[in-house]
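Notes follow once the structure below has been shown.
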Amino acid sequence: MGKWDWQVFLQDTGGGQTYLEWLMSAWGWTLSVASLSLVVALVVGSVMGILRTVPSKTLVFIGNAWTELFRNIPLLVQVFLWYHVIPSLFLSLRAIPSFVLVVFALGFFTSARVSEQVKAGIQALPKGQRYAGLAMGLTLPQTYRYVLLPMAFRIVIPPLTSESMNIIKNSSVAFAVSISEMTMFAMQAQEETSRGIEVYLAVTGLYFISAFAINRIALFIEQRVQVPGMIGGGK
């Protein structure tokens, strides 16, 4: 086994850039996929989680159906469905870049998990809070907006942090549809340079930095919005 050669990242790829520049570009693609997917997951997952707690059987069914559908199909299969199957059924989607399709696939997959967290957060609140809001003359949507959701989201910040970190790692499936993110970079750079140890250690480090940064940001938010007695707040 030869010595490690980190100068491999300064070598030219043959396309006018170094492997380090390629790695940074791949990191950017990874963060872009993860960030946009997280936005989709939080918005859609929150809506579905709320629907699962309202006093309407139809809305509860819609929320449950969405959650079960996207939770029980493997992520990679969902990516291939969005990339190969759905554009074949809806021809207008063929013009949409694969990047966008991956964002929706990963976002909808994660939204099912977010839905579970939001539902649990709402159900963890005393039922009296809902009744109190309605008794004050608030409509049901207003009760959710002003009474239930502000507390529920504070409760579920820790599990949502885990989902945010997972979405960074799950973004690696984008390589399957030729998105130039870090996993694809690692596979191609290893083949071209035969320096798999250096390449995969660098990619692993960037995945760790990305997930750790999400963790620190979420911890900061949790500390700023915590309520005494709810998620670690003092008396």
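Index from 1, following the sequence.
The ring of Phe99 has its center closer than 6.0 angstrom to the ring center of Trp29.
Annotation: Arg130, atom CZ; neighbour count of heavy atoms from other residues, nucleotides and ligands within 6.0 Å is above 12. Around CZ of Arg224, the count of heavy atoms belonging to other residues, nucleotides or ligands within 6.0 Å does not exceed 12. The number of heavy atoms from other shown groups lying within 6.0 Å of CE (Met24) is above 12.
At least one donor-acceptor pair closer than 3.5 Å links the side chain of Thr30 to the backbone N or O of Met182. In this structure, Arg154 contributes its side chain and Pro150 its backbone to a donor-acceptor pair below 3.5 Å. Between the side chain of Glu222 and the main chain of Pro158, no donor-acceptor pair closer than 3.5 Å is present. Counting only distance, with no hydrogens or angles, the side chain of Thr53 and the backbone of Ile50 share a donor-acceptor pair below 3.5 Å.
Looking at heavy atoms from C-beta onward, Phe153 lies out of side-chain contact with Val225 at the 4.5 angstrom threshold. Counting only heavy atoms from C-beta outward, the side chains of Ser115 and Arg52 approach each other to under 4.5 Å.
Residues Trp27 and Ser210 have side chains that bring a donor and an acceptor to within less than 3.5 angstrom of each other.
Residues meeting the side chain to side chain contact (heavy atoms under 4.5 Å, CB included) test with Leu76, sequence neighbours left out: Phe80, Val173, Ala176.
Checking Glu192, Glu198, Gln188 one by one against Tyr19, the side-chain hydrogen bond (donor to acceptor under 3.5 Å, both in side chains) holds for a single residue, Glu192.
Tracing side-chain contacts under 4.5 Å through hydrophobic residues (I, L, V, M, F, W, Y), one reaches Phe104 starting from Ile167; they form part of the same cluster.
Ring orientation note: the planes of Trp66 and Phe108 are nearly perpendicular, at an angle over 60° on the 30°/60° scale.
Ion pair Glu68/Arg71 flagged as a salt bridge, since at least one NZ, NE, NH1 or NH2 atom sits closer than 4.0 Å to an Asp/Glu carboxylate oxygen.
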